[in-house]
Chemist: 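One structure, pasted below without further comment.
What you are looking at is a predicted structure, and each value in this text was computed from that prediction instead of being measured. Here is how names work: the chains are called A, B, and so on, in the same order as the sequence lines, proteins then strands, and each is numbered from 1. Heavy atoms only: backbone and side chains are in, while hydrogens, waters and symmetry mates are out.
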Protein chains: 2
Amino acid sequence: MDSEDRLLTPGEVAALFRVDPKTVTRWAAAGRISSIRTPGGHRRFRESEVKKLLFGERGGPPPEQP
Amino acid sequence: MDSEDRLLTPGEVAALFRVDPKTVTRWAAAGRISSIRTPGGHRRFRESEVKKLLFGERGGPPPEQP
DNA sequence: CCATACTAGGGTAATTCGGGGC
DNA sequence: CGTGTCCGAATTACCCTAGTAT
């Protein structure tokens, strides 16, 4: 019952996708990924959303639910 | 109808935004978030205010309204 | 009153933001 | 069209000690 969506920083997401943090920011600006902004203007991304995109939602996601 | 504004500590708010507790304190100092001070000088934040900022953007707020 | 966890404050390093151009 | 890199500016993260909260 862990429905807690951890928030990741642009650098974290960029490291997962092997891209530049700036590219992640572009995805958020293009609306391709949900983004939460801090009062300071920095973006945070949901780990669930990122993981879903990482697996392309197709091919065979890791069965984390025995 | 829950008008109960629970008070959160800087650490709680920081965990929600995935930032450092010091950063939350800085937001209060900058007037970006309402802060209540304890007689000792520690800050407390309203859960309603924090959640409003958390979902101020778009993403998918879980409406827990049974 | 004692003990533990957390917070305030200042200062410095790292990261992120925004736009522009290739 | 999308990505990586440049710049300057802003925001955030981690270091420390002392005081507060429970």
Chemist: Tell me every residue that passes side chain to side chain donor-acceptor pair (under 3.5 Å) with B/Arg32, counting only those two or more places apart in sequence or in another chain.
Modeler: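 Residues passing side chain to side chain donor-acceptor pair (under 3.5 Å) with B/Arg32: none at all.
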Chemist: When you check every protein heavy atom under 4.0 Å of nucleotides 16-22 of chain D, what one-letter string (B, S, -) results, 5' to 3'?
Modeler: ---BBS-
Chemist: With sequence neighbours left out, write down each residue that passes side-chain contact (heavy atoms from CB on, under 4.5 Å) with A/Ile33, or none if nothing qualifies.
Modeler: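 Expected list: A/Trp27, A/Ala28, A/Phe45, A/Glu49, A/Val50, A/Leu53.
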Chemist: Check the phosphate of D/dT3 against A/Thr23, side-chain N and O only, distance under 4.0 Å to OP1 or OP2. Yes or no?
Modeler: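 Indeed not, no polar side-chain atom of A/Thr23 lies that close.
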Chemist: Rounded to the Å, how far apart are B/Arg18 CZ and D/dA13 P?
Modeler: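 One finds 8 Å between P of D/dA13 and CZ of B/Arg18, rounded.
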Chemist: A side-chain contact here means heavy atoms from C-beta on lying under 4.5 Å apart; do A/Thr9 and A/His42 qualify?
Modeler: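 Not touching, per the 4.5 Å side-chain cut-off.
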Chemist: Using the rule that Ile, Leu, Val, Met, Phe, Trp and Tyr join whenever any side-chain heavy atoms are under 4.5 Å apart, tell me whether A/Val24 and A/Leu54 fall into a single cluster.
Modeler: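 In one cluster: yes.
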Chemist: Do A/Leu8 and A/Arg46 touch side chain to side chain, with heavy atoms closer than 4.5 Å?
Modeler: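 Result no, sub-4.5 Å side-chain heavy-atom pair not found.
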Chemist: Let me know the distance between CG of B/Asp20 and P of C/dA14, rounded to the nearest Å.
Modeler: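 Those two atoms, CG and P, are 16 Å apart.
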Chemist: Tell me whether the OP1 or OP2 atom of C/dG18 has a side-chain N or O from A/Arg37 closer than 4.0 Å.
Modeler: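 Result: yes.
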Chemist: Would you tell me if any nitrogen or oxygen in the side chain of B/Arg43 comes within less than 4.0 Å of OP1 or OP2 on C/dT7?
Modeler: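 Checking B/Arg43 against C/dT7: no side-chain N or O falls below 4.0 Å of OP1 or OP2.
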Chemist: Could I get the full list of salt bridge (Lys or Arg N to Asp or Glu O under 4.0 Å) partners for B/Glu12, not counting sequence neighbours?
Modeler: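 So B/Glu12 forms no salt bridge (Lys or Arg N to Asp or Glu O under 4.0 Å) with any residue.
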Chemist: Can you tell me if the side-chain N/O atoms of B/Thr9 get under 4.0 Å from OP1 or OP2 in C/dT7?
Modeler: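 B/Thr9 to C/dT7 OP1/OP2: side-chain N or O found under 4.0 Å.
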Chemist: Where is the tightest heavy-atom contact between B/Arg37 and B/Arg43, given as atom of each residue plus distance?
Modeler: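 Result for this residue pair: NH2-NH2, 3.3 Å.
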Chemist: For DNA chain C, which residues of residues 25-35 of chain B approach it to below 4.0 angstrom with any heavy atom?
Modeler: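 When residues 25-35 of chain B is checked for heavy atoms under 4.0 Å from DNA chain C, the hits, listed by number, are B/Thr25.
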Chemist: Checking B/Thr38 now: which residues fulfil side chain to side chain donor-acceptor pair (under 3.5 Å) with it, not counting sequence neighbours?
Modeler: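 None.
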Chemist: Mind calculating the distance between CG (A/Leu7) and P (C/dT16) to the nearest angstrom?
Modeler: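 Rounded to whole Å, this separation is 14 Å.
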